[in-house]
Engineer: 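Can you read through this structure? Questions will come right after.
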Amino acid sequence: MTYSVGYFVGSLSTTSINRRLAKALVKLGSPEATFTEIPIDKLPLYSPDYDESYPREGKALKDAIAASDALLFVTPEYNRAIPGPLKNAIDWASRPWGQNSFDHKPAAIIGASIGAIGTALAQQSLRAVLAFCNARQMTAPEAYIQITDGLIDDDGNISDDETREFLQAYMAEFHEHVTRVLTVLPPQR
């Protein structure tokens, strides 16, 4: 089964360790999948005032999600929660009411941090939001990546064999999850 994966990088930083992690995950992803980053950096702050007339940035976000068969969230943790830009993107994509772009989409969450708990609380927060949005989440394995100097370079190359093997297994499980969900809930185009 071939499918498309849209992925979100929760950080807007040009030197984001989560962007490096996303590049590594794309390299380790199934050859049956195509991966496309869904940008979130140009979105204005969401307000219900926009619901009657969505701006082009909001429409582009919803179109990118609609064109994706599955979603991968690669996010840092800011103040023990989801980064503001990622939450803003989710708010845009889940509105207007009744037009939730995440409904039945297979999704997975992963994140990297220099800290020992590696985005665990941000992921917990994001899981609650995506559950409300009715995304079909991969619940295991969980993946909290502690980044050390040189672990993943700017091109997504992983220097540590154990980390590479873990991420390969994670992406293999993501492939199985997407295949199962899409078999039961084929994409609505």
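Because the structure is a prediction, the values reported are computed rather than measured.
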Engineer: Could you go through Tyr78 and Ser11, starting from their C-alpha distance and side-chain angles, then the distance that decides it, and tell me whether this counts as side chain to side chain contact (heavy atoms under 4.5 Å, CB included)?
Structural biologist: CA-CA 9 Å; Tyr78 292 174; Ser11 171; 3.5 Å; yes
Engineer: Counting N and O atoms only, with roles assigned by atom type, does the side chain of Asp160 sit under 3.5 Å from a partner on the main chain of Leu151, one being a donor and the other an acceptor?
Structural biologist: no
Engineer: Could you tell me the separation between the CD1 atom of Ile90 and the CD1 atom of Ile40, rounded to the nearest 0.5 Å?
Structural biologist: 8.5 Å
Engineer: First locate atom CG of Leu61, then atom CG of Leu43, and finally report the distance between them rounded to the nearest 0.5 Å.
Structural biologist: 5.5 Å
Engineer: Quick one: do Ile158 and Tyr170 end up in the same hydrophobic cluster if we chain Ile, Leu, Val, Met, Phe, Trp and Tyr together by side-chain heavy atoms under 4.5 Å apart?
Structural biologist: yes
Engineer: Answer yes or no: is there a side-chain heavy-atom contact under 4.5 Å between Ile117 and Glu77?
Structural biologist: yes
Engineer: Look up atom OG1 in Thr139 and atom NE2 in His177, then write down how far apart they are to the nearest 0.5 Å.
Structural biologist: 8.0 Å
Engineer: Is any side-chain heavy atom of Tyr46 closer than 4.5 Å to one of Lys87?
Structural biologist: no
Engineer: Could you tell me which non-hydrogen atom of Ala143 sits nearest to which non-hydrogen atom of Phe166, and how far apart they are?
Structural biologist: CB-CE2, 3.7 Å
Engineer: Measure the shortest side-chain to side-chain distance between Leu72 and Val26 over non-hydrogen atoms and say whether it is less than 4.5 angstrom.
Structural biologist: no
Engineer: Using atom types as modelled and distance alone, determine if a side-chain donor or acceptor of Ser4 lies under 3.5 Å from a backbone N or O of Asp69.
Structural biologist: yes
Engineer: Can you see which heavy atom on Gly10 is nearest to which on Pro83, and at what distance?
Structural biologist: O-CB, 3.5 Å
Engineer: Can you find a pair of side-chain heavy atoms, one from Trp92 and one from Glu57, that are under 4.5 Å apart?
Structural biologist: no
Engineer: Taking Lys105 for its side chain and Ala70 for its backbone only, find out whether a donor-acceptor pair lies under 3.5 Å.
Structural biologist: no
Engineer: Does Leu12, at its CG atom, have more than 12 non-hydrogen atoms belonging to other residues, nucleotides or ligands within less than 6.0 Å?
Structural biologist: yes
Engineer: Is Ile109 reachable from Ile38 through a run of hydrophobic residues whose side-chain heavy atoms are each under 4.5 Å from the next?
Structural biologist: yes
Engineer: Drop me the distance from Glu165's CD to Gln168's CD, to the nearest 0.5 angstrom.
Structural biologist: 7.0 Å
Engineer: Quick one, Leu167 and Ile145 - any side-chain contact, counting heavy atoms below 4.5 Å?
Structural biologist: yes
Engineer: To the nearest 0.5 angstrom, please state how far the OG atom of Ser47 sits from the CZ atom of Arg95.
Structural biologist: 11.0 Å
Engineer: So, do Pro187 and Tyr3 sit near enough that their side-chain heavy atoms are less than 4.5 Å apart?
Structural biologist: no
Engineer: Determine yes or no for a side-chain-to-main-chain donor-acceptor pair under 3.5 angstrom, with Lys27 supplying the side chain and Asp155 the backbone.
Structural biologist: yes
Engineer: Measuring from atom CG of Leu86 to atom CG of Asp91, what distance do you get when rounded to the nearest 0.5 angstrom?
Structural biologist: 9.5 Å
Engineer: Going only through I, L, V, M, F, W and Y residues with side-chain contacts under 4.5 Å, is there a path from Leu182 to Phe174?
Structural biologist: yes
Engineer: Between the main-chain N or O of Leu71 and the side-chain N or O of Ser68, is there a donor-acceptor pair closer than 3.5 Å?
Structural biologist: no
Engineer: Any side-chain to backbone donor/acceptor pair from Glu32 onto Met1? Under 3.5 Å, distance only.
Structural biologist: yes
Engineer: Is it the case that one hydrophobic cluster holds both Ile147 and Val9, taking links as side-chain heavy atoms less than 4.5 Å apart, direct or via other members?
Structural biologist: yes
Engineer: Please tell me whether Ile17 and Leu28 are part of a single hydrophobic cluster in this structure, the criterion being side-chain heavy atoms less than 4.5 Å apart.
Structural biologist: yes
Engineer: More than 12 foreign heavy atoms under 6.0 Å from CZ of Arg180: is that the case here?
Structural biologist: yes
Engineer: Quick check against the 3.5 Å criterion: does Glu37 have a side-chain atom that pairs as donor or acceptor with the backbone of Tyr7?
Structural biologist: no
Engineer: Would a distance-only check, ignoring hydrogens and angles, find a side-chain to backbone donor-acceptor pair under 3.5 Å from Thr183 to Thr179?
Structural biologist: yes
Engineer: Once you measure the plane-to-plane angle for Phe8 and Phe73, does it fall in the parallel (<30°), tilted (30-60°) or perpendicular (>60°) bin?
Structural biologist: parallel
Engineer: May I ask you to check whether over 12 heavy atoms, not counting those of Gln124, lie within 6.0 Å of atom CD?
Structural biologist: no
Engineer: Check whether Ser53 reaches the backbone of Tyr50 with its side chain - one donor and one acceptor, N or O, closer than 3.5 Å.
Structural biologist: no
Engineer: Within the 4.5 Å heavy-atom criterion, are Ile65 and Phe102 side-chain neighbours or not?
Structural biologist: yes
Engineer: For the residue pair Asp154 and Arg20, establish whether any side-chain heavy-atom pair is separated by less than 4.5 Å.
Structural biologist: yes
Engineer: Quick check on Asn79: does its CG atom have over 12 non-hydrogen neighbours (other residues, nucleotides or ligands) under 6.0 Å away?
Structural biologist: no
